[in-house]
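Reviewing the structure listed below.
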Amino acid sequence: MIAGSVVFTSPWLLVALIALPILWLLLRAIPPAPIRRLFPAVTLLLGLRDDDSVSDRTPWWLLLLRMLAVVAVILGLAGPVLNPTNSATISRNPLLIVMDASWASARNWNERILALEQFLDEAGRTGRTAAIATLTDLEAPVFQSAQAWRARLPGLTPKSWSPSAEAMRQLEEALPKDQTIETIWFSDGLAREGRETLQQALGAIGSVSVMQTDQPALALEPAVFSEGAVKITARRDQTALEQNITVQALGRDPSGIERVLAELPLSFAASAEATQGEIVLPAELRDRLSHFQIKGTDSAGAVALTDDSLRKREIALISGRENREGLELLSPLHYLRQAFAPTAELIEGALLDVLPANPDVIVLADVAKLSAVEDAALREWAEAGGMVLRFAGPRIAASEISRRTEDSLMPVRLRAGGRTVGGAMSWGAPKTLAPFKKESPFFGLDVPEEVRITAQVLAQPDPTLADRVIATLSDGTPLVTRKQIGQGQVVLFHVTANAEWSSLPLSGLFVSMLERLAVSTAIAAPTAEELAGSVWKPLKVLDGFGTLQDGGSLSGVAGEMLADSPIGEMIPPGLYGSSNRQIARNVLRPGEELSPAIWPATVSVNGFNPAEETLLGGWFLSFALGLLAIDILASLALSGRLLAARAALILVALAFVPEGAKADDSVAIDATAEVVLAHVITGNRQVDDTAQAGLLGLSETLFFRTSIEPATPMGVNIETDELAFFPLLYWPITPDQARPSEAAYEKLNRYLRSGGMILFDTRDADIAGFGSASPNGRKLQQLAAPLDIPAIEPIPADHVLTRTFYLLQQFPGRYNGRDVWVEAAPADAERVEGMPFRNLNDNVTPVIIGGNDWAAAWAMDTRGNTLFPVGRGMAGERQRELAYRFGVNLVMHVLTGNYKSDQVHVPALLERLGQ
Amino acid sequence: MSTTPLHLRVHAEQQAATLPPLLAQAEQLASSVLLGEHGRRRSGLGDDFWQYRPMQPGDSRRMIDWRRSAKSDAQFVREKEWQIAQSVLLWVDPAGSMRFKSSDTVPEKSERARLLALAASILLIRGGERVGITGGALMPRSGENQISRLAELLSKDSTEDYQSPDARGLPPHARAVFVSDFLSDISHIVAALTKASDRGVQGVLLQVLDPSEEAFPYRGRTVFQSVGGSISHETLKAGDLRQRYLDRLASRKDELTALSSASGWRYHCHRTNESASAALLWLYRALEGGTA
């Protein structure tokens, strides 16, 4: 029996509804029961008759109330189920699960995996085979038992790109044509080319249902720098509602720790699919930006990486002759200023004055001779990574610089005088440029015909010359040479920076060449032509959840592909680098729109949440109970006994009034009168109770075994409570706990700095290793990122934790996971001769990170019974004992610091005392 | 209840424990009434001097006051004020109907009735009267010991639901105090009062009622029961009965008033939520006035 989406598990019970009219008659005839009262004056009442006999019938509204209660009971017992899941999948056909697994799926990936688990479990129960095809990482679908797929689920991760039409076509071809297949498509909800044809192909071989979330997919366009501000555009696919988001600008602070540099609140108007905002950042902060992120959205689309386009390089211009007043176009710096002004900050002045500003590039236009001080300072700057860009000119041609021996700030030795070609007094035509060689940084740039070189300085032939030439004239003479100095380089253009010796500065090629040398950067993204021939190395790539991963193991990408191809497996979104330039590829291209997928009416589209099967029986029965409670009141009112009932009700209500929050001071006194262990309240009732019981167990153990006698442990709300009272905070990680506020982080950092310790417990036995697929691990990363945590390492064998009370080498909890991490020992810690331990750091480690679910192993009720099983048999009891010992060592370590470590000095002290 | 000596002892002590408080309360209540002149204003047997009168024929020589007669020629007889002690007999309804209170803020009717009766006894005994209990339970005597005997006997409960005044054992021309709720059959009350009047006994009817018996604040379907459960009456709408009940109560009071005035008695109705001392004052004045 199906009514709407409500199904009854035992519909025959509904027959009982037929009996309702009889019940109506019965109930109507029975008046409310009388009250018995003592009343001595009853003698006076004897013989008095009631006026009317109507009131011995139950009033109709009371009757209705009771009938409703009975109906609710009957319905409740009939077992109604809302949204039954088994009704959708009755078939026994093989199950094909198609997953988009794109960046847009990452926002609710856990829900997807849970739903997927349900489907697979159900398929397993009914003996259906299943196959999973992920469109972003396509393999031909293989139908095998659902259990086999179930085991592979943890390895499924969303990719940071979108499924291509090609992948959908491949899947369509790989579909088995000869059998009926039921398809469930976990869609990310975005419209995409090729989706329709695949859906039709799937529909042709069986039913298709789509699972997609109704949360809008959010994505950021690459940030653009214009008119002094960084413009950020956010897009979404669903436009119905207003929505507020916060975009964070993240980057490294001077000490190299990633921080939120700025926040920008954005709001989508109703029915707007994009919103835009501006952040104005000082140049120094702008240079530190690494990416923008939509706060609270785990998706590669919500991250916009920034590249050189947001940076303005600082360029110092220094010329040798500034004495020819008024002849602006002949100034050696004029064309450079024109080329750089739009994209870079220009600094002009004396060399020694500009060096402290640490510009990126120093341009020396026809500067021949530097003083010894200037020379040394410039060389030091260049060796530290600076770039010296020199232009030749009459002064260099006339000077003796780099003539006999190579000047350290010149790439090559020069011949005296230079040469002039194609002039009125010389033979031959002006020279043109030869095409750039493959190893040249200019490779791929078009050489315009009209560029003519009429004069240049000539390089001395030299064994090293061939390596240093990066551009030549058509006759093979070097035009641009380059030399590495330390980490920096010096580049020499063998012509002037003005149009005196060549028409090169007049051409667009000049700007492109400067750009290639990373002297200047273009605001617009480089085109394929500009990038042709270059190879770019992925520095950092985004995974589907929007976290940055090291890209070092990926192969290089050709420049034209980087510019043009859509992101995909070959070009994952990320940051690509070549020499000292960086280009970011983001999920969204500028102007790319997100639009929701439109499914034909034949496809059933389900959300993730409402699909959950809800048993309604309990609700009906409690409704009936509620009605009966009202009936009690009504009957009391009818029989005149409501007064007493009211008093009883008030009493009951008083009993349920929650105890008011304890006054602040009393909490502080409770927390400080004794040693009190504390745990962070996560908001998950079960986890909090376990943590409380665990710390209670540990406190009891400490009480019995050591001289530490802790009081009852406390739960701590890190937002509101003072942390300084507690020597140790136990912090179990749940994937759904709220991220603490900035103020709370500040409090936590203060707590850690002032000697507190936090024991992080991911409670998942560290199955996945930190930072990968485990939701708890990911949450821990997020939670701990703003914390001031020093470098950590797995507990070394000689860490003081291994011997503060018991001698331990394992730190098991309910699980015996691999590693427990503590603050790393200083690099210079050495083993002293004759001592079993290194002389380690003199601090208490501020954090301990592990996943062994210690609280569950420690947990005890008030009678001392353990609450959770650990392992099996004696081995399990041994493991629990070790867990207690770890707890004892931990608290000892917190309270006594490195006392045990200092005991290595005991022999020396005894010796000094003459014993 | 088991009858082991231990239980008996415990029960007895519980019972006895109520006496001192009752006595103390009654003493306290009695002390609030100021005793005025109590002489009978005529010559008779007594300790106080009343007058000298000339000797008349028939007076025996022993009656001559020689000290007064020596001062003159005539012989005088010394008369004392008549101080014959009055016998006052109490009847306090011990029935179950008196053991009732409608809320915790008022005392039980029986408690109030005993308190008033005992306090009045104290006053009377201090005034030299003799106080006893009707039905031959306690002969009228004077003296402080009588007070504790009264207290003991007044504290006894009856198992019956309703009782009528016991007019047996009334000496002629004595005075009587009947304290009850007078909710039992009116004919028995009439009979008792008639019997008392026949012997020339005058007295006081003090009706003690609970406030709920005056107000009848009940609604809804109710079964009204007497305290012992012997009589019950069921109604579906108690609220509808109220007016008729109040009418009946008023007529019962009227009957009592008429009855008492016809036989020279005094009648008063006292509610347990009223002050006990007011009732005591009325009771004392009524007794005093009756003897004047």
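So that the names make sense, note that chain A is the first sequence line, chain B the second, and so on, each numbered from 1.
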Flag if over 12 foreign heavy atoms under 6.0 Å of CH2, A/Trp61: yes

OG-CG distance between B/Ser212 and A/Leu38, expressed to the nearest 0.5 angstrom: 10.5 Å

Among B/Val227, B/Ile231, B/Val223, B/Thr235, residue most engaged with chain A (heavy-atom pairs, under 4.5 Å): B/Val223

Close side-chain approach of B/Arg99 to A/Pro40, heavy-atom, < 4.5 Å: no

Proximity breakdown for B/Ser232 and chain A, heavy-atom pairs closer than 4.5 Å: backbone

Inter-residue atom distance A/Leu45.CG - B/Arg248.CZ, 0.5 Å rounding: 7.5 Å

Residue B/Arg168 excluded, over 12 heavy atoms near CZ under 6.0 Å: no

From A/Arg36 atom CZ to B/Glu234 atom CD, the distance as rounded to the nearest 0.5 Å: 7.5 Å

Plane angle bin for A/Phe39 and B/Phe224 - parallel if under 30°, tilted between 30 and 60°, otherwise perpendicular: tilted

Reported CG-to-CG distance for the pair A/Leu44 and B/Leu249, which is rounded to 0.5 angstrom: 6.0 Å

